[in-house]
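Let me begin by presenting the structure, written as C-alpha cells, before commenting on it.
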Protein chains: 2
Amino acid sequence: MAGTDSTRPHKLGGPTIILIEPQLAENIGTAARAMLNCGLTELRLVRPKADHLSERTAAVSCGADIVLQGAKVYDTTRAAIEDLTYVYATTARGRDMVKTVVTPKQAAKEMVEYESQEQKCGFLFGRERTGLENEDIVLADKLLRVPLNPAFCSLNLAQAVLLIGYEWYQAKDNTPETRIVYAGHKPAPKSLLFNFFDRLEGMLDETGFFHIDEKKPHMVGKIRNMFERMELMEFEVHTLHGILTAITKAPHKKTHITD
Amino acid sequence: MAGTDSTRPHKLGGPTIILIEPQLAENIGTAARAMLNCGLTELRLVRPKADHLSERTAAVSCGADIVLQGAKVYDTTRAAIEDLTYVYATTARGRDMVKTVVTPKQAAKEMVEYESQEQKCGFLFGRERTGLENEDIVLADKLLRVPLNPAFCSLNLAQAVLLIGYEWYQAKDNTPETRIVYAGHKPAPKSLLFNFFDRLEGMLDETGFFHIDEKKPHMVGKIRNMFERMELMEFEVHTLHGILTAITKAPHKKTHITD
C-alpha cells in the first residue's frame, strides 16, 4: 500500500530480530522492510547465506536502509543474543521440549512490559525451509507460535517477522479502532438535517406518497432513519438539497445553457 | 517458518480478497500463500497485469493452489464486488473523503459478526505502487488502515493481505495466549519437588553453606523460589537429582569405565 510520509520521524526501538542462516537476499530485504513498517530497527544475522548489503536486498527492502546498514552479523546464536534478557523462539512445529508457548499478541504484551523495565528482548527466526534447530530453541525463554490454518501454517520468513512487529506496534499504539475521518469537512448539526427532512416530507406529501394517513408516521420514521445513519456532513446535506431540486425540475430532460 | 501439516483439513471460509490491477506474479502468489495461511480461499483479481496461473505464481505461493486455481478475474471493481454486502478499502493514505476508518482488528470483529449474519464481505487492495483509486474507494463501506510506523507505512501487497487475514483468523481463534507444552511429559507434583529440596538443603547443611543460622530460612526461601519458578516436569526433577549425584562425586574428575 502506498502512503509513506518520509518527512515524518521514524518511531524506533523495540525488540531485536535475529535471523538464523537466512538463505535469500529477498527474505532479508523484505524482513527489513517489515521491521521498519513496525518501527523495529535492530536486525541481527547469524551465519547469513546472502549479503544483507547487496543491491538486491536493498531493492526489496524499499528503503529500509536504516535496518540493513545497521544489521550485525554473528557466528553463533549464543553470541547474537548474549546481551538480551528475554528471547522468544518462533516456530510453527511441535517440539519434544517442555516450553511455554505464547501467541504474538501475548509476546507483544510481555515485550512492552519488559521494555518498561528496560530489559532487552529478541525474537529468533530459523532457516526458511527448516526453521529453528533445537540447539537454538533451548537458548530461548519461550516459544512463539502464530495461530494459523493448521493445514497451511508455514509462513514466509518476512511474513513471520511482520506479524511479530505488527503485534508489538499494536500493543503500544493508541489509534482508535474505529473513527470517522472528516477530511476538513464539518458534520451536519441536527438543524440542517431536520430542515432537509421537512422539505423532503413536504414534497412527498404533495405528490401523494403518504397515501395512507395512518401509515405516514411509520414511513417518515423509516426515511429519517436511513438518512440519520449516513452521519452526513454539512456539504452533503446541501448536495441532497441540490439533488431534490434537480430531479423535481419538469420536464425530465437535460437543460442546456442555450435553452 | 516450517511446520505445515498437510494431513490436517483446511479451515476455510472468511472474507473475499480483491486485488485491483496487481502488477507482479510474485505478489499474487505470496498473497495467495498469506490468504491460505489464514484460511482464506476466495481471491478475485480486477484487470491483473500478471498471470495468476503461471508457474512463477504457483512457485511463490508454496502450494496455495486452492486459492490460485479458484481465483476469478473481473474487468471492473464493481463487477468484482456486486455479490458482497460489506466492503472495506485498504489504504494507508489520507483521502479527501468522509469515511469511517477502522483498524484490521476492528474490521475482523465486524467480519465475524457479518459472517454470523450470513453476509458476504470483502477487502479491496490497490496497485502495488499507487494503491486504490478514489473511484474504487467510493464503492467501499469503510476504509481500513493498519496502524504502523508513520514514517514507513507502505506495506508490500501480500503483507497487507496477511495482516487482514491474520486478524480475521485471530478473531475466530481460541488458542490460549500462553500455555505450557508438556510434550508428553508429566509435570512434577509438589511431593517430588519437596523431596528434592530436602536432599539439596540437607547436602548444603552438611557443607556449611548455611553458616549464619538466622539467615538460613531466607536462603532456603530464595533457593526454593528459583526452582518453583521452573515449573518442573517429573523427569526434570530426576535430572536434577542426577546432577547432584554427579557433582558430589569426589574426586572431581572424569570417571572412566576402565577405572
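Because the structure is a prediction, the values reported are computed rather than measured. Order of the sequence lines fixes the chain letters, A, B, ..., with proteins taken first and strands second; residue numbering starts at 1 for each chain.
- For A/P150 against B/Y169, the heavy-atom pair with the smallest separation is CD-OH, 3.5 Å.
- Contact annotation for A/E167: only side-chain heavy atoms (C-beta onward) come within less than 4.5 Å of a heavy atom of chain B.
- Of the listed residues (A/V101, A/T178, A/T100, A/I180), the greatest number of heavy-atom pairs within a distance under 4.5 Å of chain B belongs to A/V101.
- In this structure, the side chain of A/R33 engages the main chain of B/S154 through a donor-acceptor pair within 3.5 Å.
- Annotation: maximal heavy-atom pairing with chain A below 4.5 Å, among B/Q106, B/E110, B/R179, occurs at B/R179.
- With respect to chain A, the highest number of heavy-atom pairs below 4.5 Å among B/A158, B/G165, B/P176 belongs to B/A158.
- At distances below 3.5 Å, not a single donor-acceptor pair connects side-chain atoms of A/N37 with backbone N or O atoms of B/N149.
- Both the backbone and the side chain of A/Q159 come within less than 4.5 Å of a heavy atom in chain B.
- Proximity to chain B (any heavy atom under 4.5 Å) is shown, for A/E231, by neither the backbone nor the side chain.
- Residue A/K142 does not touch chain B at all, counting heavy-atom pairs closer than 4.5 Å.
- A heavy-atom distance below 4.5 Å is found between the side chains of B/F235 and A/V98.
- Note: B/C38 SG to A/L155 CG = 7.5 Å, rounded to the nearest 0.5 Å.
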Test side-chain contact (heavy atoms from CB on, under 4.5 Å) applied to A/T175 and B/T103, step by step: CA-CA 8 Å; A/T175 303; B/T103 62; 4.3 Å; yes
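- Looking at A/A107, neither its backbone nor its side chain comes within 4.5 Å of chain B, counting heavy atoms on both sides.
- Of the atoms belonging to A/P187, not a single heavy atom falls under 4.5 Å from chain B.
- Side-chain contact between B/E26 and A/E26: absent, with no pair of heavy atoms (C-beta onward) separated by less than 4.5 Å.
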Candidate pair B/Y166 and A/L162, rule side-chain contact (heavy atoms from CB on, under 4.5 Å), full reasoning: CA-CA 11 Å; B/Y166 168 77; A/L162 175 71; over 6 Å; no
